[in-house]
Protein chains: 2
Amino acid sequence: MTPSPTQANSSELATLVVRASERVKSDFARAVAVFDFPPPLARAVLLLDQPAQMGCLATQMSCDQSYITRLADDLVKRGLATRAPGADRRVQVLTLTPAGEDLKAKLATAVSRESSVVNALTATQQSELSVLLSGIVNAP
Amino acid sequence: MTPSPTQANSSELATLVVRASERVKSDFARAVAVFDFPPPLARAVLLLDQPAQMGCLATQMSCDQSYITRLADDLVKRGLATRAPGADRRVQVLTLTPAGEDLKAKLATAVSRESSVVNALTATQQSELSVLLSGIVNAP
DNA sequence: AGTCAATATTTGATTGAGTCAAATAATCTT
DNA sequence: AAGATTATTTGACTCAATCAAATATTGACT
């Protein structure tokens, strides 16, 4: 029995998903490289909408908390954020400095400008894509 | 001016693409973990349809050639492939051993069984997705 | 008040996936 | 035959991220 076309194509489709993601990531990396910024750090800056506690950031980035500690070290060293204990003094609250807010705005613009997702698809296509990918992400 | 809905959603869509890819990769990793197999090595095995020269494999996996050297070392050490000089004696040709072919078949089955892309989308949805992602991947 | 469990962050060590540069070997061009 | 090109290999290294253990604080219970 020859392999069903569905099976052959599904593997190609899986690699296409991965390649699209690599494209998204490289768009992102290229956009932030201009600012001499490692992508994970840029991601953290863009997620800091309001002062956030570190564990929360770890959840959003779905990574280990200890990794956030190191990103935060870097942000503070660059003068882009401050770390201050919260009301509950176990937690540390990260807050962007004015320089951080400033950079965040520039990053957002650059990232959006470089985004193939934005540039290559119409709004309609974008929402179709969103539906399909949600199906994958939310699969059991 | 409030940010246009398009701009807000495009960043979400970008992260959705990345999350879908992470899902695809973790499906893959879970499928091959049963065989005590690092994902990149499994990927190489699945790409070895016919005897292939190493540089070619590097192109397919879009990675540095030297990385293929190390994967090949591992495959040979595990008795899954042999390395033999080709007609052009600069090149080394990788060929799956019977054990390698055997494992490859099992890997293919397991990977396809675990694939959310297969399991969560209808055939029609899969081809729609393919069109949209190609648009991203082939963007200028 | 005092103890015990749970939560948040930090540090040091380590892993995995890969790159880069230089070395070697073989082939092609002239 | 010389020099440029191509394929692979090796050693050193980077980057993103995790794990395990340590520390500090809080909450719950008695």
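Keep in mind that the numbers below use all heavy atoms, side chains included, and drop hydrogens, waters and symmetry copies.
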| task | Please examine the side chains of I136(B) and R19(A), heavy atoms only from C-beta on, and report whether any two atoms are closer than 4.5 Å. | result | no
| request: Run the salt-bridge test on K106(B) and D102(B) with the 4.0 Å N-O cut-off and return the result as yes or no. | output: yes
| request: Could you identify which residues of residues 22-41 of chain A place a heavy atom less than 4.0 Å from some atom of DNA chain D, listed by residue number, or say none? | output: P39(A), P40(A)
| query | Roughly how bent is the helix from dA1(C)-dT30(D) to dT30(C)-dA1(D) end to end, in steps of 10 degrees, with each end axis from five pairs? | reply | 20°
| said: Walk me through whether S11(B) and V111(A) qualify under side chain to side chain contact (heavy atoms under 4.5 Å, CB included). | reply: CA-CA 9 Å; S11(B) 152; V111(A) 164; over 6 Å; no
| L103(B) side chain reached by F37(B) side chain, heavy atoms, under 4.5 Å | yes
| task | Please report the C-alpha distance between L46(B) and K104(B) in whole Å, then the side-chain angles of each, then the deciding distance to 0.1 Å, and finally whether the side chain to side chain contact (heavy atoms under 4.5 Å, CB included) criterion is met. | result | CA-CA 6 Å; L46(B) 290 170; K104(B) 182 185 144 189; 3.9 Å; yes
| Tell me the salt bridge (charged side-chain N to carboxylate O under 4.0 Å, His left out) pairs involving residues 119-140 of chain A, sequence neighbours left out? | none
| request: Would you indicate whether the side-chain heavy atoms of S130(B) and Q126(B) approach each other to under 4.5 Å? | output: no
| L71(B) side chain near L57(B) side chain, heavy-atom distance below 4.5 Å | no
| task | Find out whether L129(B) and L129(A) are in side-chain contact, i.e. whether some heavy atom of one side chain is under 4.5 Å from a heavy atom of the other. | result | yes
| request: Would you jot down, in residue-number order, the residues of residues 79-97 of chain B having a non-hydrogen atom under 4.0 Å from DNA chain D? | output: R83(B), R90(B), V91(B), Q92(B)
| task | Check R70(A), R78(A), K77(A) against D74(A) for a side-chain hydrogen bond (donor to acceptor under 3.5 Å, both in side chains) and give me the one that passes. | result | R78(A)
| task | Calculate, to the nearest 0.5 Å, the distance between atoms SG and CE belonging to C56(B) and M61(B) respectively. | result | 12.0 Å
| field | Summary of side chain to side chain donor-acceptor pair (under 3.5 Å) pairs that have at least one residue in residues 26-35 of chain A, sequence neighbours excluded | value | R23(A)-D27(A), D27(A)-R30(A), D27(A)-S116(A), R30(A)-E114(A)
| Close approaches to DNA chain D from residues 54-77 of chain A, in residue order (heavy atom, under 4.0 Å) | C63(A), D64(A), S66(A), Y67(A), R70(A)
